[in-house]
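Worksheet: one structure, shown below.
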Amino acid sequence: MLYPKMNGFREVIGLSGFFDFKLDPDNVGEEENWQKGVESSRSIGIPGSWNEQFIDTRDYLGPTWHFKKFYVPSSWKEKLVWFRIGAANYYAKVWINGKFIGEHEGGYLPFQFEVTDKVTFGKENFLSVKVDNQLSPERVPPGNIPEEEHPRSVRQRSYPDVNFDFFPYGGIHRPVYLFCTPLDYIEDIAVTTSIEGKKGLIKYRITKKGGEAKEAFIHLGDENTRLDQKTEFRGNMAEGQLTIDEATFWSPDNPHLYEMVVELLSPEGAPNDEYTLSIGIRTIEVKNDRLYLNGEPIFLKGFGKHEDFPIIGKGLSLPLIAKDYSLMKWIGANSFRTSHYPYSEEMMNMADKEGFLVIDEIPAVGLFFGKGNKRRLSLCKQYLRELIARDKNHPSVIMWSIANEPHSTKPEAKEFFRQLYQHTKKLDPSRLVTLVSMFGLKEEALAYVDVICLNRYYGWYTDPGQLDRASHKLSRELDALYQTYKKPILLSEFGAGAIAGVHAHPAELFSEEYQAELIQKYCEVIESKPYMVGEHVWCFADFKTAQVAYRVALNRKGVFTRTRQPKLAAHLLRKIWIE
Ligand code: GCB
């Protein structure tokens, strides 16, 4: 799926901004025809979560409506018109001028519809978007799970009753766009890259729709290189390869990007659509239980993160993205995981530019097994399909994560993940696949994955306050895990809660000193094991969770506060990772 871009053949109109907004707690909107608008709505800022913008909506998760008037330029009459939302959590239905145009399930991936015959050109149009974020055991990630389906102690139950550890913000969280393409247009471009000595090879596949175009022109370049190639369509697809003899490879140290311009040619040979993609030439593989980027061993240093900030909730904030990358660079990180859902396209583009290696995760968090497995599996497959369609061209993405900490106590979990693993490999054989486990040795599905991701909290949830014991247990478990699976292991979560400003000497739980000491001890253990391919501290920054007795207003495991100020652990990590 291509991100909307403006050029000589395509135009983009941003519809983000204030929308009229109304709650629909009794779910009567559709019956009462709110598709055409409704009285007494108020203004909401989009992108943004409704839970943060008003006093009375903090815990509201049911159906809501977002309305907006917009214009479609008359000059778009000879074009195809598209409507696109970057992400809306969790279920969205869209109408234009009262006519239904489509729906989408899943809160973290883009969706778009062709709306040419639903809009009025040169006149006012009316958009209504219903977004429902009700928690349900049927949805992924799940919530409000009945006791008999997934028993948990009363103390584990939060408000709202989520089966995961972050606040279930609802809303239109990413940009809303109207854009146009020519009638005969480039539908998609997919590239994969490989390396032979100094050569960089770029395989491409272009798909087009509409019209009679038989050929495309490809121009690839940077300041030193320029390649031009004509390619022919067979049906709607054109495939080929470009070779750069002396290529500059993409890596965290030198995130070099080439520009690839694809021009679609009319049967007469005139350009009639164009799309520009940034390409990084790199390889990623596992060899002898190690991780290799461009044929060189690589060790991942970084974090699990969240999209989370006061007032905007999970809404896109470009300044926040810029700030987070600058802090990750300052601290010496080279990677992160998009825990526990796909992050915005804007964040992914910046990872390519700034040179970060990304483990790209679907929103499969809090998975449990039993009733509803089939639906959950098909949703996870849909998420993987949509995520790979969206992110397949990012050099930064090195691994797909098919789930975080599934409650894999039932035997069917193994088959569930076997299917997800195969599904992912089929969609993208060029990248690695991981599962982020809390069960470790008991997680039978680890037999399938390319890299094992393990989350561990010795010294926090177990053996609190006892860091020597924690190190010892960690070391023993990592060795056992490696002996069993003989695969590279990334410690994808470890950390301790620290309330900024709380100090204790000797260190104890919730002090900045304890968090720093725990992280130091874990890093020492990890770095002593040759099969370990990385350390991702949990978490980059403090973040909001549902209300529950064991969270002190926020999850405090951030090495930065929620507003991005460093705790002691941040300075320590900088020493470990940079010096
Ligand atoms: C985990 C989860 C993460 C939580 C973290 C914690 O294992 O993957 O979502 O926030 O633990 O702090 O408990």
Side-chain angles (χ1 to χ4, degrees), residues 107-108 135 140-143 145 150 152-153 155-158 160-169 302-308 314 336-343 359-368 401-409 413 417 434-440 442-443 446 452-464 470 473-474 477 481 489-500 509-510 514-515 518-519 522 534-562 567 569:
Y108 302 93
L135 293 171
V140 177
I145 310 173
H150 181 49
R152 279 168 300 157
S153 78
R155 288 186 192 182
Q156 285 173 305
R157 290 206 171 252
S158 59
D161 187 10
V162 288
N163 204 39
F164 47 88
D165 184 37
F166 53 92
F167 192 83
Y169 283 116
F303 300 94
K305 288 182 95 274
H306 265 297
E307 288 184 328
D308 168 88
K314 286 203 172 315
F336 64 90
R337 173 167 61 115
T338 71
S339 42
H340 297 305
Y341 38 80
Y343 291 177
I359 301 177
D360 211 353
E361 186 159 284
I362 56 163
V365 55
L367 283 179
F368 64 106
S401 162
I402 57 177
N404 177 72
E405 295 199 350
H407 302 258
S408 320
T409 43
F417 292 113
T434 190
L435 166 69
V436 180
S437 174
M438 75 172 151
F439 282 105
K442 288 192 220 132
E443 186 90 63
L446 292 181
I452 292 176
C453 278
L454 181 75
N455 296 348
R456 272 301 165 261
Y457 289 98
Y458 297 124
W460 184 256
Y461 293 120
T462 59
D463 306 304
K473 283 195 173 171
L474 176 71
E477 184 181 7
L481 197 59
I489 305 174
L490 165 78
L491 204 67
S492 40
E493 283 186 27
F494 60 100
I499 299 174
L509 261 60
F510 286 107
Y514 190 79
Q515 182 187 42
L518 182 144
I519 289 173
Y522 269 66
E535 51 201 25
H536 277 181
V537 175
W538 189 258
C539 187
F540 175 72
D542 292 348
F543 60 93
K544 186 172 164 74
T545 66
Q547 296 182 65
V548 64
Y550 55 83
R551 291 279 173 261
V552 192
L554 300 170
N555 183 318
R556 303 278 180 171
K557 294 194 189 73
V559 305
F560 294 95
T561 64
R562 199 179 187 206
K567 301 181 192 170

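Values below: every heavy atom of this structure, side chains too, minus hydrogens, waters and symmetry copies. Counting starts at 1 for both ligands and their atoms, following the listed order. As the structure is a prediction and not an experimental result, all values here were calculated from the model.
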Side-chain H-bond candidate by donor/acceptor type, N455 with S492, under 3.5 Å: yes
Y108 versus E307, side-chain donor and acceptor atoms under 3.5 Å: no
Shortest non-hydrogen contact from L518 toward A496: CD1-CB, 4.2 Å
W460 side, atom CH2; Q515 side, atom CD - distance, nearest 0.5 Å: 8.5 Å
Atom-level proximity to ligand 1, residues with heavy atom under 4.0 Å: D165, H340, N404, E405, N455, Y457, Y461, E493, W538, F543, R551, N555, K557
Short N-O contact, K557 and D165, less than 4.0 angstrom: no
The single option from Y169, F560, F336, W538 passing ring pair (Phe, Tyr, Trp, His ring centres under 6.0 Å) against H306: W538
